[in-house]
Amino acid sequence: MTRTGPAAAAARTADAFARLHGARPDGVWSAPGRVNLIGEHTDYNDGFALPMALPQATRVAARRRDDGLLRLYSAQSGEDRTTELRVTDLVPGAVPGWARYPAGTVWALAGAGHQVGGADLYVDSDVPAGAGLSSSAALECAVAVAYDDLYGLGLPGPELARTAQRAENAFAGVPCGVMDQMASVCCTEGAALHLDSRSLEHRQVPFGLDPHGLVLLVVDTRVRHDLADGAYAALRAGCERAAGLLGLPALRDLAPGELGAALDRLPAELAPLVRHVVTENARVTEAVRLLAAGDTPALGPLLTAGHASLREDYRVSCAETDLAVDTAVAAGALGARMTGGGFGGSVIALVPAARADGVRGAVTEAFRRAGHRAPAVLRAVPSAGAARIA
Ligand code: GLA
């Protein structure tokens with residue numbers, strides 16, 4: 001019988017490390033993927049978000065080396081070879097493929113002045129890549145917490161998250177915000193993370209589904225996106241330009257009551273971006289209020305309104321995400337929206353437990369009829385953030 005659960009996964013990862021590297025690891029660390037409940041494309045505008053960690057996680061078995069070598073192996077890369085790098089030689093742009101995320105994290109730690117050297121790493125993950133569930137953040141954050149322990153750095157969670165984000169921005173060349181890394185490091189079981197992306201202040205907001213007879217489904221549309229492909233960077237640049245034209249440090253500083261007047265002052269191509277960011281920040285505040293009041297079902301319409309804003313104003317949805325949202329809502333979901341950067345990826349749906357099978361079946365059937373690839377549907381429960389697991 002195959003054992004399941006984090007302890008069994010940790011033991012398997014440690015055993016695989018030992019077979020590959022010929023010695024036991026010093027430990028095994030894990031960092032989860034995430035879904036964002038609400039607050040999309042707000043993080044790089046210094047705004048608010050409400051992500052939660054998934055049970056799906058990336059595990060890193062690691063052993064410190066004192067010769068400055070970083071030796072990387074991934075069970076998912078399909079390469080079946082160890083990438084060997086020298087920590088002092090790491091430079092942005094020089095490491096291709098998946099290895100740029102762990103290498104970038106070590107580079108970012110060293111660049112921040114921390115005394116870090118080499119390590120042997122074995123990476124194993126069940127976060128699907130390219131599904132909008134933050135597989136790259138999970139990898140960076142697992143390496144960051146492993147190094148934090150291996151080299152006795154004792155860094156607080158937000159600093160580890162910022163370091164992981166720097167790896168992605170400056171080493172891997174992806175201009176993402178900080179939400180995914182904050183979610184992966186700072187989330188706790190049973191809660192969503194109310195994040196202020198400017199100060200990195202964060203608060204755990206209890207997010208119980210069972211007591212309300214609800215489930216959160218994640219529909220992976222199997223449409224793969226690549227945040228480095230320029231569209232994300234263009235949106236981010238558009239927001240920054242709009243904030244500049246309005247004389248604001250960031251769009252976070254535009255209050256909902258000032259939105260109308262601000263839109264009149266902006267060029268036609270920027271106004272919808274600003275409308276999305278300002279209304280989306282307000283939706284985060286409202287979602288947190290609803291959860292605090294124990295009214296989890298009322299989150300549904302807010303999710304669907306957020307999707308409409310991403311589709312109409314921010315224009316980051318696609319035919320598959322729109323179909324998944326519309327079908328889920330028609331089949332009894334209280335609300336649904338795309339989650340993550342967009343251009344494909346995943347949709348979340350808040351569904352009465354009794355309707356979960358119906359929603360899953362309806363979405364699968366709608367995809368079949370439209371000629372799309374079969375979606376993968378999983379159930380999300382709010383899970384723990386990054387930690388040492390063995
Ligand atoms: C991606 C980025 C995040 C965030 C979301 C959109 O997941 O990595 O920083 O910008 O898109 O909310």
Side-chain angles (χ1 to χ4, degrees), residues 31-54 56 100-101 104-105 127-141 158 161-187 192-198 200 202 218 220-221 223-240 250-252 273 276-281 283-284 287 303 306-307 309-311 313-318 321 337-348:
R34 63 94 191 93
V35 288
N36 188 18
L37 295 177
I38 193 85
E40 219 66 86
H41 290 277
T42 47
D43 60 353
Y44 52 82
N45 291 300
D46 279 2
F48 303 99
L50 192 63
M52 60 171 236
L54 292 171
Q56 284 77 14
R100 66 194 196 275
Y101 299 111
T105 304
V127 186
L133 302 177
S134 292
S135 59
S136 54
L139 175 52
E140 294 147 10
C141 293
R162 272 280 184 235
T163 305
Q165 182 203 12
R166 181 155 164 69
E168 187 137 351
N169 291 171
F171 197 87
V174 183
C176 65
V178 76
M179 168 181 64
D180 304 344
Q181 292 79 8
M182 279 296 290
S184 190
V185 172
C186 296
C187 278
L193 189 81
H194 185 201
L195 170 67
D196 178 336
S197 303
R198 171 172 280 165
L200 297 195
H202 53 283
V218 180
D220 172 5
T221 63
V223 179
R224 293 306 182 232
H225 66 151
D226 183 354
L227 289 185
D229 73 358
Y232 182 95
L235 288 164
R236 185 174 177 156
C239 288
E240 284 162 6
L251 291 183
R252 142 50 172 299
L273 301 186
H276 167 74
V277 172
V278 172
T279 59
E280 185 77 349
N281 275 328
R283 278 185 287 272
V284 175
L303 301 186
H307 186 77
S309 180
L310 288 161
R311 184 184 60 218
D313 275 348
Y314 223 70
R315 300 186 171 231
V316 290
S317 75
C318 65
T321 48
R337 60 180 287 272
M338 53 151 274
T339 188
F343 312 107
S346 294
V347 161
I348 53 169

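Computed from a prediction, not measured in an experiment: that's the story for all the values here. What you see below is based on every heavy atom in this structure, not just the backbone, and it leaves out hydrogens, waters and symmetry mates. Residues: numbered from 1 along the sequence shown. Ligands are counted one by one from 1 in listed order, and the atoms in each one are counted from 1 as well.
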Against heavy atoms of G177, which atoms of ligand 1 measure under 4.0 Å? 9 (O)

Contact atoms of ligand 1, heavy-atom distance to D43 under 4.0 Å: 3 (C), 4 (C), 9 (O), 10 (O)

Does S134 reach ligand 1 with a nitrogen or oxygen that is under 3.5 Å from one of the ligand's nitrogen or oxygen atoms? no

Between the main-chain N or O of G306 and the side-chain N or O of S309, is there a donor-acceptor pair closer than 3.5 Å? no

In ligand 1, which numbered atoms sit nearer than 4.0 Å to a non-hydrogen atom of C176? 2 (C), 8 (O), 9 (O)

Out of V284, T339, L193, L50, which one pairs with L37 under the side chain to side chain contact (heavy atoms under 4.5 Å, CB included) rule? L50

Which of the numbered atoms in ligand 1 are below 4.0 angstrom from a heavy atom of Y44? 10 (O)

Heavy-atom count around R198 CZ within 6.0 Å, excluding the residue itself: above 12? yes

What's the shortest heavy-atom distance between D220 and S346, and which atoms? CA-OG, 3.5 Å

Which one of V178, D180, V185 satisfies the side chain to side chain contact (heavy atoms under 4.5 Å, CB included) criterion with M182? V178

In terms of atom number and element, which parts of ligand 1 are under 4.0 angstrom from non-hydrogen atoms of M179? 4 (C), 5 (C), 12 (O)

Considering only heavy atoms of D180, which atoms of ligand 1 have at least one such atom less than 4.0 Å away? 1 (C), 2 (C), 3 (C), 7 (O), 8 (O)

Describe, in one word, how the ring planes of H41 and Y232 are oriented to each other, choosing from parallel (under 30°), tilted (30 to 60°) and perpendicular (over 60°). tilted

When only distance counts, is N36 in polar contact with ligand 1, meaning an N/O pair under 3.5 Å? no

Determine, using heavy atoms of R34 and all atoms of ligand 1, whether some pair is separated by less than 4.0 Å. yes

If we ignore angles and hydrogens, is there a donor and acceptor under 3.5 Å between the side chains of S197 and R252? no

